[in-house]
Visitor: 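Structure provided below as structure tokens; questions to follow.
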Amino acid sequence: MTEFFPDVSPIEYEGPDSDNSLAFRWYDKDRIVLDKTMEDHLRFGVCYWHSFAWNGSDIFGAGTFDRPWTAEGGDPMAQAAQKMDAAFEFFEKLGAPFFSFHDRDIAPEGATFAESCANLDAMVDQAEAHMNRTGMKLLWGTAQAFFQPRYAAGAATNPNPEVFAHAAAQVKHCMDATQRLGGANYVLWGGREGYETLLNTDMAHELDQLGRFLNMVVEYKHQIGFDGTILIEPKPQEPTKHQYDYDTATVYGFLKKYGLEDEIKVNIEVNHATLSGHDFVHELATAVGHGIFGSVDANRGDEQLGWDTDQFPNSVEQMSLAVYEILRGGGFTTGGFMFDTKLRRQSLARDDLFHGHVGAMDTMARSLLVAADLIENADLSGAVEDRYAGWSGALGQKIMGGEVGLADLHQDVLDNNIDPAPVSGRQEMLENLVNRTIERAR
Ligand code: XUL
Ligand code: CO
């Protein structure tokens, strides 16, 4: 097999003093942090689509990257095999333990649905062989039910039930492929599950369709004994004007309505959180609070651009508090940090893909060190516990236990002249404490 990245050797950990830009300075996979290795905490994954299926084209310009398997006129299955060889060479040299794919990233769509299924099955055979050879694992699989023109008006939320049926068939086949490859999760991102205008949309009907679709996914998961987690990836808009999986709180309300809150969790993407008007940490806290935190698509946006730039994460300041939130919620179980990231179109050297991922993995690893330090030494959690201590007292227990109502409290305040003095929230002090923890992380 000829190498696609002949100039890059496997990435090694060299420590914070290294000047080698293709070495890890913080990601030391076997280092123990809070009783677990960094590798087990972070569960890094590489995405197939931006990294290998995309050639750098955008709506204003042609592909810029050196991705020979995307050349027009080639044999699609031979190109898929060539792409997979390069992808696994990359995964292995980078040293992230997981990858994720859409069905159409790894296998081309055929002339008929049967041909598409056969193409996917053949490529899953090849992926299985690569995984056995390299020890790579699958974080999640997903069906690409948004690219093909048949899905222009949505997949599960399409006005035409035949499109719904097609999407159901595609998802079933992709769930089978994910199970065969031992996937830890199965993801549904509703690429076009939303609307462009209410003038032609029956929103209530579309939501019922989506509820039915997701119930079918869960029923099928149990039917085949898939032991991974089903995840929904919220995003507020793009490509549609409004997407139904707007943010984590919206998804939770939807799951409750359709009886799915114990079956489906969320895959939170950093920049989708920003686009929804929240920030990443808010989305994590919402998911943890509702018991539906699953996995993360790690990336970043651009503060001045209102679209999904999918850049590599590079801010320890931003990510430390996110990892802190995840650790406080118990950490990942089946999920992980999957880099849903793409190079800039001008980053056209083959090794740029390594630079992007090495920097991102180091950012997350150093953020883990900060988060662990916040938990172990900085006693940030005390700031929350002390603030809410009253709720363990008699009054707090009576209120939350449902023993008293408005009239009882009215009497209580009158009888006991309850007149609490405000206390400081200490925000600046706590923020300084976080900054000091970031400064000392080693
Ligand atoms: C789109 C997005 C997708 C999903 C998988 O914004 O994030 O790549 O992660 O379909
Ligand atoms: Co994503």
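In what follows, every heavy atom counts, from backbone to side chain, and hydrogens, waters and symmetry copies are set aside. Each ligand, and each atom within it, is numbered from 1 in the order the structure gives.
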Visitor: Just which atoms of ligand 1 are under 4.0 Å from any heavy atom in D308?
Guide: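 Going through ligand 1 atom by atom, the ones under 4.0 Å from D308 are 6 (O).
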Visitor: Any side-chain heavy atom of I224 sitting closer than 4.5 Å to one from Q179?
Guide: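 Yes, their side chains come closer than 4.5 Å.
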Visitor: Could you tell me whether K137 sits above the aromatic face of F98, with NZ or CZ closer than 6.0 angstrom to the six-membered ring centre and within 45 degrees of the axis?
Guide: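 Cation-pi check for K137 and F98: passes.
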Visitor: How many protein N, O or S atoms are found at a distance of less than 2.8 Å from the Co ion (ligand 2)?
Guide: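 Those protein atoms number 4 in total.
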Visitor: Do any nitrogen or oxygen atoms of D297 come within less than 3.5 Å of a nitrogen or oxygen of ligand 1?
Guide: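 Indeed, backbone or side chain, D297 has an N or O that close.
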Visitor: So, does N55 use its side chain to make a donor-acceptor pair with the main chain of R67 at under 3.5 Å?
Guide: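 Not confirmed, N55 side chain does not pair with R67 backbone.
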Visitor: Counting only nitrogen or oxygen atoms and a 3.5 angstrom limit, does K235 reach ligand 1?
Guide: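 Yes; the residue has a nitrogen or oxygen that sits under 3.5 Å from a nitrogen or oxygen of the ligand.
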Visitor: On a heavy-atom basis, I'd like to know which of E238, E233, Q243 is closest to atom 7 (O) of ligand 1.
Guide: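 Considering heavy atoms of E238, E233, Q243, the nearest to atom 7 (O) of ligand 1 sits in E233.
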Visitor: Looking only at the side chains, is there a donor atom on one of E193 and T157 sitting less than 3.5 Å from an acceptor on the other?
Guide: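 A pair is found: one side chain offers a donor N or O, the other an acceptor, under 3.5 Å apart.
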Visitor: Who's closest to atom 8 (O) of ligand 1 heavy-atom-wise, of W140, F101, W49, W307?
Guide: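 Nearest heavy atom to atom 8 (O) of ligand 1 lies in W49.
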Visitor: With sequence neighbours excluded, tell me which residues meet ring-ring contact (aromatic ring centres under 6.0 Å, His included) with Y324.
Guide: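 ring-ring contact (aromatic ring centres under 6.0 Å, His included) check on Y324 returns nothing, list empty.
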Visitor: Below 4.0 Å from any atom of ligand 1, is there a heavy atom belonging to H272?
Guide: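 Distance cut 4.0 Å: H272 passes for ligand 1.
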Visitor: With only distance considered, is W189 within less than 3.5 Å of ligand 1 through an N or O on each side?
Guide: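 So ligand 1 has no N or O lying under 3.5 Å from an N or O of W189.
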Visitor: Of D308, T309, T341, D310, which meets side chain to side chain donor-acceptor pair (under 3.5 Å) against N299?
Guide: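 Filter result, single survivor: D310.
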Visitor: At what distance is the nearest protein heavy atom to atom 10 (O) of ligand 1, and which residue and atom is it?
Guide: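 Answer, as residue, atom name and distance: H102 NE2, 2.7 Å.
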Visitor: Answer yes or no: is there a donor N or O on one side and an acceptor on the other, between the side chain of R300 and the main chain of F312, under 3.5 Å?
Guide: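 Side chain of R300 to backbone of F312: a pair is present.
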